[in-house]
Amino acid sequence: MSGKNILGKNFKFKMLVIFSITIMMCLSTMTVLSLSVKPEEKNVYTNGTVDFLMPAMKPNSKNIIKEGDGRELNVLSDITALIKGADYLKHAQADITEDNANNGGAGTDSNDGGWDWVLTYPIVTHSASASPKNIYGVTAQGLYYAYLVSPDASYMTAMTDAANYMKNDANIRSASDLIFLMLYDDLPSVYGTTYQAAAKTKYDARISVYGSATALAVYIRDARNTQGYPDGIIAWDIGVWVKAAAMLNVRYPSLGYDTDADNMAEVLYQDSYMNNPGYFDIIDDQGFDPLYGNVNYYWYTLGITGLIDAFDAAQVHTSEIPGLLTILFNCQYSSGAFSYSYGANTNDEGWQSTAYAVMTLGNLNAYTYRNQIQLACAWIASTQHACGGWVYSDNSHYPEIGGENTAALYFAGPNKPSTPSGQTNGKINVEYTYNTTTTDPNNDQVYYKWSWGDGNISDWLGPFTSGAIATTQHAWNTKGSYEIKVKAKDMHGLESDWSDPLPITMPYSYNKPILQFLELLFQRFPHAFPILKQMLGY
């Protein structure tokens with residue numbers, strides 16, 4: 001072999017090595033750059049990744065408007081934050097049917113029934129850009145819950161625009177999209193099962209692509225880890241899919257959707273509890289980095305809500321829920337807000353963390369966790385911008401966050417009324433007066449329903465001003481012992497728990513002549529016969 005040929009081959013070999021190393025370095029650099037992107041900048045996904053929700057904001061990326069920074073916070077009065085939030089959502093939509101967005105008919109938006117990922121105040125209406133595929137359902141749920149409270153026709157129009165566009169676009173297929181389509185189909189004014197059938201079709205298509213519900217959950221888990229987020233966003237994403245499968249099972253029983261929910265919840269249990277593979281470990285990830293350099297701490301509170309939602313929806317590993325609730329409550333501030341990372345550390349409040357904590361607690365048991373819910377909703381309402389959205393200090397606002405916060409506000413109902421006060425013993429067939437009071441966190445007027453212990457329950461009485469004393473009367477026609485209870489609901493239909501009971505006795509009945517004689521006797525001798533008067537209820 002000649003020296004020239006050897007040199008030529010060596011040169012080609014060296015060039016091949018250099019080229020290979022260069023390609024490897026470029027790929028490595030691209031990976032590092034991908035992992036260094038802030039969560040809020042990873043906001044538009046390709047069709048292959050619309051199975052995910054949009055990433056939530058980091059508190060240090062967009063400073064939440066707080067009291068004392070020179071901006072006037074909205075304080076709820078007659079117009080609730082929930083209604084203001086819904087109005088914001090309809091104005092921010094790329095409307096189709098009517099001019100809900102107040103942008104002049106067709107306007108300049110994309111007319112696709114969706115929302116922008118981000119806008120800059122004072123702009124509230126949709127831009128000319130197409131709406132991201134994976135924020136339709138999560139945003140529209142704010143309109144859905146507002147409509148339950150206030151059946152405004154414009155809210156229905158906005159929901160219909162979104163639902164019609166969603167059902168016809170195969171790439172709008174995140175779990176929140178499926179959930180919204182099913183909720184929308186449940187509304188009394190929506191006839192047939194077209195939209196829940198669309199949700200079923202979208203779900204079945206995703207399972208077909210991945211091969212099984214387990215494989216879908218594993219894909220989301222591993223994809224998030226590959227993106228550089230081995231943290232709470234995994235449980236947040238998968239938890240919504242578990243809820244969607246459980247909702248499909250209610251509508252289409254015996255088709256295996258309950259098994260799908262169980263299997264996806266199991267993927268989360270294995271990851272978070274059994275270190276398999278342990279990307280979001282609920283113990284190891286209990287940390288806080290004020291500079292947010294440690295991605296393991298990201299979305300911690302959202303991950304806890306995702307686990308609770310998944311275990312509750314699938315009804316598996318429910319014994320873990322009390323411990324998860326303890327962790328969740330460790331992430332709530334005295335202000336009511338919930339933290340982004342674990343532990344309610346300084347300046348770590350998050351709108352989305354708070355909204356999802358409220359929705360999780362509300363769906364789990366709104367009465368049991370009423371105090372935590374109302375405190376959180378009060379914080380959400382107090383940080384609402386005058387435009388109805390939730391605007392960061394750089395004037396950016398995200399319609400998805402508007403939808404999440406608006407949906408959360410649905411769960412803020414009146415407090416449990418005070419124990420009724422009034423006569424605790426007396427005569428049958430005589431009306432006695434009883435009082436109670438409660439407060440509503442939104443200062444809404446309230447109605448009261450009374451349970452008299454004798455089988456009679458009143459209609460809703462009212463309205464009464466929040467905090468005012470409510471008074472009513474009742475008579476018993478049979479002697480005996482009873483317990484009086486009362487519950488409240490606000491003007492939007494949200495109910496409180498029953499009050500603590502007031503025990504009473506109605507011991508005796510007399511014929512009229514004897515009754516008149518005793519009354520005359522007691523009037524003539526007011527300080528006599530104390531034992532007899534007590535026995536007879538005087």
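The residues of the chain are indexed from 1 along the displayed sequence.
In summary, Lys416 and Asp500 engage in a salt bridge, as defined by a charged side-chain N under 4.0 Å from a carboxylate O.
In this structure, a donor-acceptor pair under 3.5 Å is absent between the side chains of Asp285 and Tyr342. In this structure, a donor-acceptor pair under 3.5 Å is absent between the side chains of Ser481 and Thr505. Side-chain contact of Ser154 with Asp152: a donor-acceptor pair under 3.5 Å is present, judged by distance alone. Side-chain contact annotation: Thr383 with Trp351, donor-acceptor N/O pair under 3.5 Å present. Under 3.5 Å, the side chains of Asp177 and Ser174 contain a donor-acceptor pair of N or O atoms. For the 3.5 Å distance criterion, the side chains of Tyr88 and His397 qualify, holding a donor opposite an acceptor. Checking Asp87 against Tyr155 by side-chain atom types alone, a donor-acceptor pair falls below 3.5 Å.
Without hydrogens or angle criteria, Thr354 side chain to Ala337 main chain gives no donor-acceptor distance under 3.5 Å. Checking side-chain atoms of Ser353 against main-chain N and O of Glu349 turns up no donor-acceptor pair under 3.5 Å. A donor-acceptor distance shorter than 3.5 angstrom exists from the side chain of Asp185 to the backbone of Gln196, with no hydrogens or angles considered. Using modelled atom types, one side-chain atom of Thr437 and one backbone atom of Ala468 make a donor-acceptor pair closer than 3.5 Å.
A heavy-atom distance below 4.5 Å is found between the side chains of Gln141 and Leu183. In this structure, the side chains of Lys243 and Asn363 come closer than 4.5 Å at one or more pairs of heavy atoms.
The distance from the CZ atom of Phe329 to the CZ atom of Phe338 is 6.5 Å, given to the nearest 0.5 Å.
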